[in-house]
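Everything quoted here is computed from the prediction, not taken from an experiment.
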Amino acid sequence: MTDSVTGLQGDSVTRYSAPFIAALLLCIAAPLPAGDGHVALIKSVSGRISIMQGSATREAAGGMRLRVSDRIVASPGSTAAIVFRDGTMLTLGGGADIRVRDYVFEPKANRYSFDVYMQKGTAIYESGKIGRLAPEAVKLETPRATVGVRGTRFVIEAG
């Protein structure tokens, strides 16, 4: 019996589609390579969140990728949940203004860095693997203080 869509015999469809489906599943399940430049994903957004990447400004949306040097600004009353590649979570409150200064997560090379500058606003930080494996590599800075991470979850306010 010939499949009217593909023109292939039923056994041929199974034989050819099984490797394709397996490869597709591997691509979906595999973590994104570090070489693509992203360091975090915006998990969710409520209200108006702006992302400044170089000279471009875009409205944030769930699934948007962040890179080192990106600036994220939350309008009053807005929130954003950000998940970094190592599982670190940063939840921004309304009025928050942060910049990702540095981020390195290379466990095989034992290289770690998490450096975020918070100009103003409020955020909740929850440690990921970097905070557990190399807490000395985590730095959250505000205009008046630098926070070294020794715990796993805390609230930070600036400005």
Side-chain angles (χ1 to χ4, degrees), residues 20-159:
F20 173 75
I21 292 170
L24 181 63
L25 289 174
L26 276 174
C27 290
I28 293 170
L32 291 169
D36 78 348
H38 93 281
V39 298
L41 289 174
I42 295 183
K43 185 92 170 158
S44 64
V45 171
S46 174
R48 186 167 183 247
I49 307 289
S50 299
I51 309 294
M52 287 78 155
Q53 294 178 322
S55 61
T57 299
R58 300 183 300 161
E59 290 298 309
M64 183 178 282
R65 294 178 179 183
L66 299 176
R67 292 174 168 65
V68 169
S69 81
D70 284 357
R71 181 175 170 209
I72 302 99
V73 178
S75 296
S78 301
T79 61
I82 301 168
V83 180
F84 288 80
R85 288 182 36 240
D86 70 308
T88 296
M89 293 177 38
L90 196 60
T91 304
L92 304 181
D97 183 345
I98 70 163
R99 180 177 303 273
V100 180
R101 286 183 164 171
D102 191 29
Y103 183 88
V104 178
F105 180 59
E106 297 176 3
K108 291 180 182 178
N110 201 29
R111 293 186 55 222
Y112 307 99
S113 177
F114 182 96
D115 185 350
V116 170
Y117 180 76
M118 186 168 185
Q119 177 67 35
K120 64 179 183 170
T122 305
I124 299 171
Y125 168 89
E126 188 168 341
S127 289
K129 291 180 183 174
I130 293 175
R132 289 189 284 280
L133 296 171
E136 70 283 354
V138 177
K139 185 165 79 171
L140 290 147
E141 216 172 329
T142 70
R144 298 191 182 167
T146 299
V147 179
V149 175
R150 297 295 177 260
T152 59
R153 187 173 189 189
F154 57 86
V155 174
I156 185 168
E157 290 187 11

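Atom CE of M52 is separated from atom CZ of R71 by 4.5 Å, given to the nearest 0.5 angstrom. To the nearest 0.5 angstrom, I42 atom CD1 is 12.5 Å from R65 atom CZ. Rounded to the nearest 0.5 Å, atoms CD1 (I72) and CG (L92) are 6.5 Å apart. Distance check, rounded to the nearest 0.5 Å: CD1 of I130 to CD of E106 gives 10.0 Å. A distance of 6.0 Å separates NE2 of H38 from CZ of R85, quoted to the nearest 0.5 Å. Note that CD of E141 and CD of Q119 are 11.0 Å apart. Values are rounded to the nearest 0.5 Å.
The environment of CZ in R101 is crowded: more than 12 heavy-atom neighbours from other residues, nucleotides or ligands sit within 6.0 Å. Within a 6.0 Å radius of CZ in R67, other residues, nucleotides and ligands contribute more than 12 heavy atoms.
Nearest heavy atoms, Y117 versus P143: OH-CG, 3.4 Å. Closest heavy-atom contact between Y112 and A137: O-CB, 3.4 Å. When all heavy atoms of T57 and S50 are compared, the pair lying nearest together is CG2-CB, 4.2 Å. Residues G63 and L41 share a closest heavy-atom pair of O-CD2, 3.7 Å. Residue A74 comes nearest to G93 through the heavy atom pair CB-O, 3.4 Å, listed as atom of the first residue, atom of the second, then distance. Closest approach of V83 to M89, counting heavy atoms only: CG2-CG, 4.1 Å.
Inter-residue side-chain proximity for V138 and Y125 is flagged as met; some heavy-atom pair is nearer than 4.5 Å.
A side-chain N or O of T88 and one of D86 form a donor-acceptor pair less than 3.5 Å apart. Checked by atom type, the side-chain pair Q53/R58 shows a donor-acceptor distance below 3.5 Å.
Although no hydrogens or angles enter the test, the distance criterion places a donor-acceptor pair under 3.5 Å between the side chain of R132 and the main chain of S127.
For F84, the ring-ring contact (aromatic ring centres under 6.0 Å, His included) partners are Y103, F114, not counting sequence neighbours.
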